Amino acid sequence: MEDQLNTLFATFDSEEVTFFADLILPIPVPRLFTYRVPRGMADLVKIGARVIVPFGKNNSRVMTAIVARLHNSPPTAYQARYISEVLDEYPLVTGYQLELFRWMAEYYMCCVGEVMNVALPSGLKISSQSKVQYNPDFDYPELLTEFEEVLLTELKKHPALSYEELGRLAGEGSNVPALIKSLVGKKAVIVFEEVREKYIPKMIRKVRLHTNYEEREQLLVLLNRLEKLPKQQEVVMRYLRHVPVQMNPSLNQKGLDKTILNQDDEISQSSLTTLVKNGVFETFEIIQPRFSDTLSPQVEIKLTDYQRSASENIMKQFEQQNIVLLHGITGSGKTEVYIDLIQQALASGTQVLYLLPEIALTAQIVVRLQRVFGDKMGIYHSKFSDNERVEVWKGVVSGQYQFVVGVRSSVFLPFDNLGLIIVDEEHETSYKQHDPAPRYHARDVAMMLAHWQQAKVLLGSATPSLETYYQAKLGRYGLVELFQRFGDATLPNILLVNTQQEKRQKLMKHEFSSVLYTALEMNMERKEQSILFQNRRGYSPYMQCEDCDWTAECNNCAVSLTYHQRDAELRCHYCGHKDPVPRTCPACGSTKVRTIGFGTEKLEDQLQIFFPGSRVLRMDLDTTRAKNAYQQIIQEFESGQVDILVGTQMITKGLDFDNVSLVGIFDADRLIHFPDFRATERAFQMLTQVSGRAGRRAGRQGTVLIQTANPQQPILQKIITNDYKGLFEEEIQERQDFNYPPFSRLIKLTVRHTDKITSSKAAQRLADELTDALGSSRVLGPEEPLVERIRNQFLFDILVKIERDKVNVKAVKSYIQERINDILTDKGLRQVSIIADVDCL
DNA sequence: AGCACGCCGACT
DNA sequence: GTCGGCGTGCTC
């Protein structure tokens, strides 16, 4: 039917210019979809606007799409369908963004639809809900089953019902989708899609005095009349106290928040209702922005001479360079420098984006920035609701937000006039998206954005990534260094504690060395706070039988289960699988089932035993799952009510506490010996960043104690002397020798399948084909990753190394994609999934 | 990704 | 005999 109509329209239109639109649909299919623009919509359909289209077999689905291209060449292979609706009068997606989407899809080897999917907050994607309606022309009730009768009776009573509503009405045990399908077949009901915008503006209900009573005379008459009704009189008086209508009649138009007038008593509520009924008050609704529009005081920030000269230096380098690295030690006051630069960029009329890793975007930094920038600043954070994100998006389009602080995904906001992008904590690996495609690196995307919009990029870090520092050393990026701590604060004194030796001398108290133990004790006596870092959550990572060596393992993944004491269960940190804690060994029945190793939970436990009066907080994934748990822990710790904070890497990022003078680090060796070519760099960054939490404010010099079995390791020596340059020189040599980044680009290909043989076959074939084309020095693997099975899928990794300058990366990527597609069409290997991760970390 | 179509086991 | 399992193929 639909197609017949389409054909009819097609012949009508053929004389005139007919428009076709190539649309980006939010699905992982590597092409655009061509739709026909109805004649009446020709002026409305613009590039970058969102449209609604029917999709799938018998138009069973409704989707939000973005117009990427307009043209008038009809597709030859199929009959294009019509766009059903245009959502935006003005494009919500800028030309820059479309360019960005295309670039990302190509660079990160994914589909534009996948980019669109992560780029748009889901509030901008339409939700469609199937509704069912009784067909008035239906006249064969005798054909129905009992269940169908029930549904149909309900449907006759209502104009239309959703599947969910029908499910509720039909009661338990009825298969609503199946029943509806059969009813549709019998032409008893009609199913249609109800489309609605997901974004809902926040409305608040207000009241105002009817204009009849704005004049003094009338008002007095009213009050006199209410003399015998004191409750109502009181409500009117209360309104007048908040809104001095006599002094300024225009205030009455804005009215008063209904909740203020109601206060809390029911009497005033009913009085108000009566007053509204009698036409004294009128109620109305207005849209309330979710971000309070109270303009915060604009605070002047003062730079120290040192910061001032850093800022000037950066500006000077921007004359020659598009990208500048600000290498400033922890606590050197980089934020003030950023603020200065942001103000300058805003003053010149350009937009500014300030990127922070998720965990560093805390209330601490937001409040600080808000004091300076007030409501000109937008905040884009994954913890925000969807409606809030849509408001920020629209605020950028409208120009309300010239400046946005945000996480990784804020590179997708519709900027069109960026002057400056700051990537703070530039080395942070959380800038790289791991799981759903596009597997992008926000720092690198930011650089592309800046390139297109002629904006400058400032990368900031105390421990720059080797890639970035290397570019700076080559002179491709500018470099500004800040090697003095802010105010009188000095860098903490970092000491290594030999746990091997303490164990021999039997000085260890469980996981705590005597040195750390004493330091904690003294710190508490001084009423100063301590932070303990152990990058492992849970109580202990292993549970093992002493008699037979049985170890608790996950059913679905090739990993040991972690014991969580608080919830009394064993958990898999890869798939979330949970098992009860066995009291006896499942293999041999022995009762000697022990935990091995320790996580944050165990440390917390031991602290309670050692220091019974102390107040200890734990901050890791398990204690921050609730919505505001993270903020709460930080606030509680800030308030000084807590002596010790135990945490995972979460505590290493951007937190700024005044009263912390001791940092203890456990198990540094595990970080250092991680089997990965970046392990040394990572360990340096992580340990330096945690150390930086100590002694950030004037007063005493902070102390950092690193527990290690081998204090002689060169990397530890570099950490205690804060010798970033030494680390760089050594590491960069190694990277060069083995042709790792920054001397090459890496693409990791992961092959996955439930059957190990199939998975390995596909991986082997892919690796062979790539080796043939690229040479064996450029292809590593296939190799089983550290965890060879996750969620019952067997994994194999292939690493492709491409020299930066010698090889055409684009060509290599498209060749890889060809080979992947080839394997995916192979009968025996078709259900394997192959994931490409470009610039994997 | 979702959704329909299509061919083989445990149930009214 | 059917309901429903998820393999496989397609989407303008």
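Remember, predicted model here, so these are calculated numbers, not experimental data. All chains are named by letter (A, B, ...) in the order of the sequence lines, taking the proteins before the strands, and each is independently numbered beginning at 1.
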Specify whether A:Phe384 and A:His381 have parallel, tilted or perpendicular ring planes, treating 30° as the upper limit for parallel and 60° as the lower limit for perpendicular. tilted

Distance in angstrom units between A:Leu829 CG and C:dG7 P, rounded: 16 Å

Take the protein atom CZ of A:Arg61 and the nucleotide atom P of C:dT11, then report the distance between them rounded to whole Å. 13 Å

Between A:Lys57 and A:Ile27, which is nearer to the 5' end of DNA chain B once each is assigned its nearest nucleotide? A:Ile27

What orientation do A:Tyr440 and A:Tyr108 show, parallel under 30°, tilted 30 to 60°, or perpendicular over 60°? perpendicular

What is the nucleic acid contact for A:Tyr35, judged by heavy atoms within less than 4.0 Å: base, sugar-phosphate only, or nothing? sugar-phosphate

The criterion is salt bridge (Lys or Arg N to Asp or Glu O under 4.0 Å); which residues satisfy it with A:Glu358, sequence neighbours excluded? none

Could you tell me the separation between the CZ atom of A:Arg31 and the C1' atom of C:dC12, rounded to a whole number of Å? 8 Å

Within this structure, what is the CD-to-P distance between A:Gln831 and C:dG7, rounded to whole angstrom? 8 Å

Touch check for A:Pro28, heavy atoms < 4.0 angstrom, all strands: base, sugar-phosphate only, or nothing? base

Do A:Asn387 and A:Glu391 get their side chains close enough for a donor-acceptor pair, meaning under 3.5 Å? no

Just how far, in rounded Å, is P of C:dT11 from OH of A:Tyr78? 10 Å

Rounded to the nearest Å, what distance is computed from the CG atom of residue A:Asp755 to the P atom of nucleotide C:dG7? 13 Å

Option among A:Asn135, A:Val132, A:Leu161 that satisfies the side-chain contact (heavy atoms from CB on, under 4.5 Å) test with A:Val189: A:Val132

In whole angstrom, what separates A:Asn59's CG from C:dC12's P? 7 Å

A:Leu824 CG to C:dT8 P, in whole Å, measures 12 Å

Of all nucleotides in DNA chain B with an atom under 4.0 Å from a non-hydrogen atom of chain A, which is the first and which the last going 5' to 3'? B:dA1 to B:dC3

Are A:Arg389 and A:Tyr380 in a cation-pi contact, defined as NZ or CZ under 6.0 Å from the six-membered ring centre and within 45° of the axis? yes

Between A:Gln433 and A:Arg439, does the side-chain hydrogen bond (donor to acceptor under 3.5 Å, both in side chains) criterion hold? Intermediate values first, please. CA-CA 5 Å; A:Gln433 167 140 325; A:Arg439 298 178 170 75; over 6 Å; no

